[in-house]
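Comments concern the structure below.
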Amino acid sequence: MTINSSPVLTGESARAFVEEAERNAKLPTPRLSPEREAQIAAFLKKSREFVLPPKDKKK
């Protein structure tokens with residue numbers, strides 16, 4: 001006996017899914033502003049350069 005790993009839609013469910021996917025495909029894709037992209041790039045750069053300060057050694 002084989003078991004499908006992914007569900008298969010049929011009938012009304014399949015038609016509704018396809019219509020919703022086609023409707024969503026026509027919506028504009030959200031975009032980041034150049035300023036926001038620069039902020040994210042700066043954040044990523046800082047996160048790669050992050051270094052923890054040395055721990056105090058108790059004598």
Side-chain angles (χ1 to χ4, degrees):
M1 177 167 96
T2 60
I3 299 174
N4 291 335
S5 61
S6 57
V8 177
L9 294 176
T10 59
E12 182 63 24
S13 296
R15 186 191 64 72
F17 179 84
V18 170
E19 286 179 359
E20 183 75 17
E22 289 173 350
R23 191 169 34 254
N24 287 340
K26 294 176 184 173
L27 295 175
T29 304
R31 302 274 185 222
L32 293 175
S33 67
E35 295 83 14
R36 186 65 69 193
E37 292 220 13
Q39 288 175 336
I40 292 171
F43 172 79
L44 291 174
K45 182 180 177 194
K46 286 181 182 180
S47 70
R48 282 187 234 103
E49 297 170 350
F50 182 76
V51 179
L52 292 172
K55 291 183 178 181
D56 288 341
K57 294 183 179 179
K58 305 276 182 178
K59 293 183 181 180

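Residue numbers run from 1 in the order of the sequence given.
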How long is the gap from NZ on Lys46 to CG on Leu44, to the nearest 0.5 Å?
11.5 Å
Under 4.5 Å between side-chain heavy atoms, counting indirect links through other Ile/Leu/Val/Met/Phe/Trp/Tyr residues: same cluster for Phe43 and Leu32 or not?
yes
Should the pair Arg15-Glu19 be classified as a salt bridge under the 4.0 Å nitrogen-to-oxygen rule?
yes
Take Glu22 and Lys26 through the salt bridge (charged side-chain N to carboxylate O under 4.0 Å, His left out) test and state the conclusion after the steps.
CA-CA 7 Å; Glu22 289 173 350; Lys26 294 176 184 173; over 6 Å; no
